[in-house]
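Report on the structure given below.
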Amino acid sequence: MGKKDRRWDKPPTETLRVREGFTVDGFDCASTPGFPGDEDDGERFMEDRGETLSDLQEQLFAEGRSGGTRSVLLVLQGMDTSGKGGIVRHVLGMVDPQGVQHTSFGVPTAEERSHHYLWRIERALPSAGKIGVFDRSHYEDVLVVRVHNLVAADVWGARYDEINAWEQRRIDEGTRIIKCALMVSPERQLERLAERLDRPDKHWKYNPGDLDERAHWDAYMQAYQAVFDRCSTESAPWYAIPADNKWFARLAVSELLATTLEDMNLTWPAADFDVDAEKARIAALHD
Ligand code: ADP
């Protein structure tokens with residue numbers, strides 16, 4: 001397959017965007033929409049895009065250092081083994097770590113519980129010029145919390161609108177939000193869990209509680225459907241990423257990130273000193 005053929009036929013911003021009428025039921029987690037190539041093609045193309053991503057990230061960082069206020073926030077959600085950690089390693093791993101602000105959200109601590117659920121989220125927002133990555137997010141407060149009835153239904157029920165309004169405020173302040181749901185099939189999840197048990201180097205990743213959560217699969221899918229129905233907005237849409245093929249999920253998220261950065265029309269900040277005068281000073285030192 002020629003290099004040209006390995007590019008996207010249709011961009012993930014189109015094919016993966018959750019629009020009205022999207023259903024989790026019947027979603028093909030093993031599909032590779034819009035990308036005509038195979039895993040090898042995907043990996044080669046990702047390397048290519050990585051260079052673009054790295055340049056754009058540096059421009060965003062430079063903008064932040066020069067008084068700009070814009071930032072990007074990548075929100076990752078997905079069932080256990082869906083590959084959230086791999087996205088952080090392989091996609092964000094392609095850019096300068098000093099430009100990335102990574103936060104994972106686990107079971108809230110006592111201190112976090114004593115505050116509003118958005119308190120810890122707000123504190124982790126990326127600063128100017130940074131790419132923030134949330135491994136789990138405020139959406140847990142309408143996912144695990146809903147599935148396990150951790151608060152009353154009217155409490156979590158009010159959160160969808162509250163989250164939309166909160167995200168809109170962040171967008172108005174200059175943060176682009178990219179929300180990616182990594183959709184793994186229950187069959188592939190079982191394979192990945194079994195593999196963790198088979199490999200001593202993966203035992204640390206195995207959590208017996210993951211099997212208990214798996215028993216709530218249908219309730220989780222209903223909760224995801226509600227998130228997609230209520231929180232895939234015009235300004236902060238959800239992207240449903242087929243994640244049975246890790247290479248595809250990584251490629252798709254890289255593309256969404258690169259597309260978002262491209263859309264920001266980033267430029268290198270102009271020098272706040274006289275470039276010719278500085279060149280003359282250096283030239284003088286050569287004499
Ligand atoms: P991971 O499973 O992502 O590797 P952890 O083992 O730290 O990371 O698991 C995080 C756990 O925290 C998940 O089971 C998740 O459902 C839970 N969690 C995250 N946010 C909340 C929340 N707001 N309320 C309750 N549980 C939460």
Side-chain angles (χ1 to χ4, degrees), residues 24 73-93 100-125 132-164 166-167 177 179-186 188-197 199 201-228 230-231 238 241 243 246 249-250 253:
V24 169
L73 175 62
L74 178 66
V75 172
L76 300 173
Q77 283 290 157
M79 300 291 282
D80 292 315
T81 77
S82 60
K84 300 186 292 298
I87 297 283
V88 177
R89 264 196 320 283
H90 294 271
V91 178
L92 281 310
V100 177
Q101 218 172 299
H102 170 260
T103 313
S104 347
F105 293 98
V107 177
T109 61
E111 187 190 18
E112 287 169 350
R113 269 202 313 277
S114 73
H115 292 275
H116 187 269
Y117 70 98
L118 290 172
W119 179 78
R120 65 174 183 165
I121 308 296
E122 190 123 6
R123 281 162 54 100
L125 281 170
V133 187
F134 284 179
D135 179 342
R136 302 182 190 271
S137 66
H138 42 303
Y139 284 97
E140 290 292 331
D141 293 281
V142 285
L143 289 167
V144 65
V145 167
R146 170 177 166 146
V147 168
H148 290 287
N149 301 307
L150 301 181
V151 298
D154 62 324
V155 175
W156 59 251
R159 290 179 175 172
Y160 300 97
D161 289 342
E162 190 175 28
I163 286 173
N164 288 341
W166 180 85
E167 288 181 355
I177 306 180
K179 302 187 295 198
C180 295
L182 302 180
M183 308 293 285
V184 66
S185 65
R188 184 51 62 93
Q189 187 198 52
L190 200 59
E191 273 173 36
R192 290 183 183 165
L193 288 173
E195 190 188 313
R196 286 181 181 179
L197 286 180
R199 290 180 45 178
D201 62 323
K202 298 226 171 177
H203 285 174
W204 67 275
K205 281 193 179 184
Y206 188 85
N207 173 1
D210 292 350
L211 275 187
D212 303 318
E213 281 311 281
R214 185 182 154 78
H216 299 283
W217 195 276
D218 291 347
Y220 269 108
M221 290 307 112
Q222 274 178 25
Y224 270 98
Q225 183 70 54
V227 162
F228 293 148
R230 307 268 318 258
C231 299
W238 270 99
I241 319 271
K246 287 181 176 172
R250 292 168 187 170
V253 176

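Just so you know, ligand 1 is whichever comes first in the structure, and atom 1 is the first atom listed for that ligand.
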* Asked: How far does CZ of Phe134 sit from CG of Leu125, to the nearest 0.5 angstrom?
  -> 5.0 Å
* To do: Report the nearest protein non-hydrogen atom to atom 12 (O) of ligand 1: residue, atom name, distance rounded to 0.1 Å.
  => Val107 N, 3.0 Å
* Asked: Is Val184 close to Arg192 at the side-chain level, that is, under 4.5 Å between some pair of heavy atoms?
  -> yes
* **Spatial distance of atom NZ (Lys179) from atom CZ (Phe228) [nearest 0.5 Å]** => 10.0 Å
* Asked: Would atom 1 (P) of ligand 1 count as contacted, meaning some protein heavy atom under 4.0 Å?
  -> yes
* Asked: Would you say the side-chain atoms of Asp135 pair up with the backbone N or O of Lys84, donor to acceptor, closer than 3.5 Å?
  -> no
* Asked: Where's the contact between Asp80 and ligand 1, heavy-atom distance under 4.0 Å: side chain, backbone, both or neither?
  -> side chain
* In the protein, which heavy atom is nearest to atom 7 (O) of ligand 1, and how far is it? -> Gly106 CA, 4.3 Å
* atom 13 (C) of ligand 1: the protein heavy-atom neighbour that sits closest, reported with distance to 0.1 Å -> Arg136 CZ, 3.6 Å
* To do: Measure the distance from atom 16 (O) of ligand 1 to every protein heavy atom, then report the residue, atom name and distance (to 0.1 Å) of the closest one.
  => Glu140 OE1, 3.2 Å
* To do: Report the relative orientation of the aromatic rings in His115 and Trp119; use parallel for angles under 30°, tilted for 30 to 60°, perpendicular for over 60°.
  => parallel
* Go through ligand 1 atom by atom and flag the ones less than 4.0 Å from a non-hydrogen atom of Phe105. => 19 (C)
* Nearest-neighbour protein heavy atom for atom 24 (N) of ligand 1, which is reported as residue plus atom name and distance -> Pro108 CD, 3.4 Å
* To do: Using a 4.0 Å heavy-atom threshold (strictly under), name the region of Ser104 that reaches ligand 1: side chain, backbone, both or neither.
  => neither
* Under a 4.5 Å cut-off applied to non-hydrogen side-chain atoms, are Met79 and Leu182 in contact? -> no
* Relative to atom 27 (C) of ligand 1, which among Val151, Val145, Val144 owns the nearest non-hydrogen atom? -> Val144
* Does ligand 1 have an atom under 4.0 Å from some heavy atom of Arg113? -> no
* Structure fact -> Of all protein heavy atoms, the one nearest atom 20 (N) of ligand 1 is Arg120 NH2, 3.1 Å
* Asked: Does the gap between the ring centers of Trp238 and Tyr139 come in under 6.0 Å?
  -> yes
* Asked: Looking at Phe105, does the NZ or CZ of Arg120 lie under 6.0 angstrom from its six-membered ring centre and within 45 degrees of the ring axis?
  -> no
* To do: Among all protein heavy atoms, pick the one closest to atom 6 (O) of ligand 1 and tell me residue, atom and distance.
  => Asn207 ND2, 4.6 Å
* To do: Would you confirm whether any non-hydrogen atom of the protein falls under 4.0 Å from atom 4 (O) of ligand 1?
  => no
* Distance from Arg196 atom CZ to Asp80 atom CG, nearest 0.5 Å? -> 7.0 Å
* What's the spacing between Leu118 CG and His138 NE2 if we round to 0.5 Å? -> 7.0 Å
* Would Asp141 count as a contact of ligand 1 if the rule is a heavy atom under 4.0 Å away? -> yes
